Colleague: 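Below you'll find the structure I mean.
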Amino acid sequence: MSRYITGQDRQQVTLLPECLDDFISEDNPIRVVEAFVNELDLTSLGFQGATPANTGRPSYHPAVLLSIYIYGYLNRIQSSRRLERECQRNLELMWLTGRLAPDFKTIADFRRDNGAGIRNVCRQFVVLCRELKLFSQALVAIDGSKFKAVNTRDRNFTMGKVDKRQQQIEQSIQRYLDALETADRTHPVELEVKTARLQDKIAQLRQQMRVLDEVKKQLEDNPNGQISLTDPDARSMATSGRGSGMVGYNVQAAVDAKHHIIVAHEVTNAGSDRAQLCTMATAARDAMGAKKLRAIADRGYFSGPQIKACSDTGISAVLPKPTTSNAKAEGRFDKADFIYIKEEDEYLCPAEQRAIYRFSREENGMLIRRYWSSACKQCPIKSQCTPSDYRRISRWEHEEVLEAVQRRLDRSPNSMAIRRKTVEHVFGTFKSWMGYTHFLTKKLANVSTEMSLHVLAYNLRRVISILGFDGTMNAMKLIRV
């Protein structure tokens, strides 16, 4: 053993105890965490207990518990029970908390009771990034990703799921009844045991039927059309895999394209991204303090009213239009082959004929104008255009806004590549930190708080990477300015 590096004797007593600060290097990120939390005005941010009570048992200062959570999410330790253990054995946490070791219930209650304050801290850090001039391009990428909730698929119900499950239970009950009848007729040796077992199974299935009947009554009064028993705010959502899905939440994020800092985020239980574009783009613009903003998104966000709302507030959206017509795939002319003549409010078709305005009607809250040409029936290339008598062209009253989006996309063909490398990496990082498992909390407000801690830890790590340790420590002085 003399040729190996050996450790100290566990029974050796040191005369002079080592200073705890000696174990923490001068550029350790927990020094940034301490500096950041110490500069926060926790009372104005909405934390409970920031002002101590005059009577009763003294409580932990919210700065201690907030520091524990920021450290935990920076190091992939999100569980309150794991954080309790780490406070008792982790030298960095001992240094950060002054050897305090709150129990897991205190740690968990802090996250639950101070959701608004934690979300405000996350916003405060984005404000700090803005003061540091890290958002210079006024360009963000927006995307959403599905994250699992505590609720399993078996405890999420829709009317279709209930009907299918009840049908399966009825078949099982009938099968057991047939088995009972067979047992009564044949009188096997273990008749009493088998009869008792089958009757117990039938009783359990009938109890499940009664539970499902109650769920069906609740579904009739539920406007969402589904119920989750473990986490009432979680929703069943389709994912990218064909025929797959999960019960969870849809997390939206707007990420700065230059430094990949998350400037805005939101947790929703809407399975579609269609109605999220304007909300996320506006939140990103306000967070960055920009008058104008360019927002890149994928085709899942394409919505005429949403794009129009962005345009009205000075936000230039860049996203591709989804293909909803089969004309091109079937070898016929697409709408893009028809040229709109604005001065005359007409379309020029590929056969050089004019499709004139006929009438307008409202569809899904949008005023749609209809155009077609009277020469369609005699057109020599009609087979390449439409199988109907006339090729009808639809135009939204604000179609010029959508045409401007397409022009911006044509001028910057690398926009989708920028979007992918900017925002998709963020969601991959979050799921890796979480261990590809579900959120630890229940209900939308608590899940939003948990997501804010993930975002705060991610942004803090990004700023340390961009500015370095010394630059980040100096930047903390700007928080109270």
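Only a predicted model underlies this, so the values are computations on that prediction, with no experimental measurement involved. Worth knowing before you read on, the calculation uses all heavy atoms, side chains too, and leaves out hydrogens, waters and symmetry mates.
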Colleague: List in chain and number order the residues that pass ring-ring contact (aromatic ring centres under 6.0 Å, His included) with F147, two or more places apart in sequence or in another chain; answer none if no residue qualifies.
Modeller: F439

Colleague: Which pairs with one or both residues in residues 395-429 pass ring pair (Phe, Tyr, Trp, His ring centres under 6.0 Å), sequence neighbours excluded?
Modeller: W396-H398

Colleague: Judged by atom type as modelled, is there a donor-acceptor pair below 3.5 Å linking the side chain of T386 to the main-chain atoms of K382?
Modeller: no

Colleague: Using a strict cut-off of less than 4.0 Å between a Lys/Arg side-chain nitrogen and an Asp/Glu carboxylate oxygen, indicate whether K216 and E214 qualify as a salt bridge.
Modeller: no

Colleague: Is the terminal nitrogen or CZ of R395 (NZ for Lys, CZ for Arg) located under 6.0 angstrom from the six-membered ring centre of Y371 and within 45° of that ring's axis?
Modeller: no

Colleague: Go through the structure and list residues passing side chain to side chain donor-acceptor pair (under 3.5 Å) with D200, not counting sequence neighbours.
Modeller: Q204

Colleague: Using side-chain heavy atoms (C-beta onward) and a distance below 4.5 Å, is Y458 in contact with W433?
Modeller: yes

Colleague: With a 3.5 Å distance limit and no angle check, can you tell me whether D298 reaches the backbone of G300 through a side-chain donor-acceptor pair?
Modeller: yes

Colleague: Taking only residues at least two apart or on different chains, which pairs with a member in residues 306-322 satisfy salt bridge (charged side-chain N to carboxylate O under 4.0 Å, His left out)?
Modeller: K308-D312

Colleague: Could you tell me whether E400 and R407 have a side-chain N and a carboxylate O separated by less than 4.0 Å?
Modeller: no

Colleague: Just to verify, what does E86 make a salt bridge (charged side-chain N to carboxylate O under 4.0 Å, His left out) with, not counting sequence neighbours?
Modeller: R89

Colleague: Under 6.0 Å between ring centres: does that hold for F338 and Y347?
Modeller: no

Colleague: Should the ring pair Y69 and F110 be called parallel, tilted or perpendicular, given that the plane angle runs from 0 to 90° and is split at 30 and 60?
Modeller: parallel

Colleague: For the residue pair Q137 and D256, confirm or rule out a side-chain donor-acceptor distance under 3.5 Å.
Modeller: no

Colleague: Using a 6.0 Å distance limit plus a 45 degree cone around the ring axis, check whether R81 lies over the aromatic ring of F104.
Modeller: yes

Colleague: Could you check whether D143 pairs with R419 (Lys NZ or Arg NE/NH1/NH2 to Asp/Glu carboxylate O, under 4.0 Å)?
Modeller: yes

Colleague: Does any pair with a residue in residues 107-124 pass salt bridge (charged side-chain N to carboxylate O under 4.0 Å, His left out), and if so which ones, sequence neighbours excluded?
Modeller: K105-D109, D109-R112

Colleague: Considering only NZ, NE, NH1 and NH2 on the basic side and carboxylate oxygens on the acidic side, decide whether E399 and K335 come within less than 4.0 Å.
Modeller: yes

Colleague: Apply side chain to side chain contact (heavy atoms under 4.5 Å, CB included) to the pair I307 and L277, showing each step before the final yes or no.
Modeller: CA-CA 7 Å; I307 296 173; L277 179 63; 4.0 Å; yes

